[in-house]
Participant: 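Structure below; questions to follow.
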Number of protein chains: 2
Amino acid sequence: MLTAAVRLFNTHGYDATSMFDIAESLGITKSTLYHHVSGKEQLLTMAVDRALGALEEAAREALDSPDPATVRLRRLIRRSVLVLAERLEFVTLLLRVHGNTAAEQQAVDRRRAFDRIVTDLVKQAQAEGGVRADVDAATAARLIFGMVNSLIEWYKPDRGAPESIADTVSDLAFDGLRTH
Amino acid sequence: MLTAAVRLFNTHGYDATSMFDIAESLGITKSTLYHHVSGKEQLLTMAVDRALGALEEAAREALDSPDPATVRLRRLIRRSVLVLAERLEFVTLLLRVHGNTAAEQQAVDRRRAFDRIVTDLVKQAQAEGGVRADVDAATAARLIFGMVNSLIEWYKPDRGAPESIADTVSDLAFDGLRTH
DNA sequence: CCATTAACCGCCCGATCGGTCGGTAAATCA
DNA sequence: TGATTTACCGACCGATCGGGCGGTTAATGG
């Protein structure tokens, strides 16, 4: 039921998807749908929670590990790609949310907390000497995760296994396009 | 008038923005707004045209130049960042469009044509030996422009001059995070 | 100065939306 | 078996939306 809603939200947009559409895609009526969920916003909340939960666990791992920041950053990038690939539809919805309601604002705040963790990790990696120090840490963090997050625009299971995509992304993030 | 509409589309979402909202933000009535534009969809079409026009001109430059593909690719990345920064609101709207109407579908098609040009450029650069050949060209193109396109999520004029952001992006794209 | 055009407005319409309510059939449990 | 809960439905409501219509004022040009 949640997955059906998320699929419709992603293909037609959250606002453009009516509760009738969701009910119809499930072969039930709108009334029945309301018997199971409290409203449209709850569907959104549950969906973005599922995405944020996985992302936050990956971030927690990166914080708790005793390894150097550079390897923790690389691992967080890889893990994030895997989360994106595995929960593609939920993360897609999350990344399209823009804080127009209270529930959306909360999701945006949690996303920002994630971004802050990444920025701090980049800063530590720079201090360690593992990452070049001539780029602003916040900018680099945003750009690298811009790369990661772009998966929601193009990733499909037949475009490669999540693990191999994760390798490509972290390779490109650390070594760039140039031949070595 | 167009810019007012685009600003509202970006902050509240296209569907969530009513023609009344747009008219109100201009200090006119809905009737007057309809006297100047044929409808809501025309506003969207005009806005994405303004974004696609600039992007397509950058792509044309990259195609017409006699330089090696590697330098043309780098130039296209830089020019794209500049277009994103200068026409941020229009490109933001463009990148959020998902082909739900005929007009939107046309915009998506033109975006895909742009992506194809980038992929071809990466392929040529790989053939030249200027770009590593161990990553799939289409994947690399999508990831690099995922990085570029992420600007719509965070760029503000006070976060640096467009030119310096363009340098950072192309540096990161070609050389990565690693210290050299 | 008069006719035409452009800019503007108030009022209305049909459609759609999120959500509610009263009630029925089916499952569960004592 | 009888009572209670759960799943389900049709009909309805108030609000909002994109858009249209008829008419008025202001500018323009011969």
Side-chain angles (χ1 to χ4, degrees), chain A residues 1-51 89-90 92-108, chain B residues 1-51 89-90 92-108:
Chain A
M1 202 165 87
L2 181 58
T3 55
V6 171
R7 189 154 10 239
L8 288 173
F9 287 160
N10 285 337
T11 48
H12 303 107
Y14 175 75
D15 286 298
T17 303
S18 72
M19 291 300 270
F20 175 82
D21 294 335
I22 300 170
E24 192 188 29
S25 87
L26 291 165
I28 61 177
T29 65
K30 208 160 51 113
S31 309
T32 304
L33 180 56
Y34 271 100
H35 178 72
H36 292 276
V37 298
S38 71
K40 196 178 180 181
E41 198 162 10
Q42 198 200 32
L43 285 169
L44 206 173
T45 303
M46 293 193 308
V48 300
D49 268 355
R50 201 170 284 206
E89 287 168 318
F90 297 100
T92 298
L93 192 57
L94 170 67
L95 293 181
R96 288 186 186 163
V97 145
H98 279 278
N100 294 321
T101 69
E104 291 185 22
Q105 188 54 52
Q106 197 186 344
V108 169
Chain B
M1 203 166 88
L2 181 59
T3 53
V6 170
R7 189 156 8 241
L8 287 173
F9 288 161
N10 285 338
T11 48
H12 304 107
Y14 176 75
D15 286 298
T17 303
S18 72
M19 291 300 269
F20 174 82
D21 294 335
I22 300 170
E24 192 188 29
S25 87
L26 291 164
I28 61 178
T29 65
K30 209 160 51 116
S31 309
T32 303
L33 180 56
Y34 271 101
H35 178 71
H36 291 276
V37 298
S38 71
K40 197 178 180 181
E41 197 162 11
Q42 197 199 32
L43 285 169
L44 205 172
T45 303
M46 293 193 309
V48 301
D49 267 356
R50 202 170 284 204
E89 287 168 316
F90 297 101
T92 298
L93 193 57
L94 170 67
L95 294 181
R96 289 187 185 162
V97 145
H98 280 276
N100 295 319
T101 70
E104 290 186 22
Q105 187 54 53
Q106 196 185 344
V108 169

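Here is how names work: the chains are called A, B, and so on, in the same order as the sequence lines, proteins then strands, and each is numbered from 1.
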Participant: Can you list every salt bridge (Lys or Arg N to Asp or Glu O under 4.0 Å) pair that touches residues 2-17 of chain A, not counting sequence neighbours?
Facilitator: A:R7-A:E89
Participant: I'd like to check the side-chain contact (heavy atoms from CB on, under 4.5 Å) partners of A:A51; sequence neighbours left out, ordered by chain and number.
Facilitator: A:F90, A:V91, A:L94
Participant: Send over the distance from A:L26 CG to D:dC9 P, rounded to a whole Å.
Facilitator: 11 Å
Participant: What is the separation between atom CG on A:L33 and atom P on C:dT20, rounded to the nearest whole Å?
Facilitator: 12 Å
Participant: If the sugar-phosphate is the primed atoms plus P, OP1 and OP2 and the base is the rest, what is the B/S/- string for nucleotides 4-17 of chain C, using protein heavy atoms under 4.0 Å?
Facilitator: --SBBBBB-----S
Participant: Mind checking side chain to side chain donor-acceptor pair (under 3.5 Å) for A:T101 and listing every partner two or more places apart, or none if nothing turns up?
Facilitator: A:E41
Participant: Who passes side-chain contact (heavy atoms from CB on, under 4.5 Å) against A:H35, sequence neighbours left out?
Facilitator: none
Participant: Quick one: side-chain contact (heavy atoms from CB on, under 4.5 Å) partners of B:E24, sequence neighbours excluded?
Facilitator: B:F20
Participant: What integer distance in Å separates A:Y34:OH from D:dA11:P?
Facilitator: 19 Å
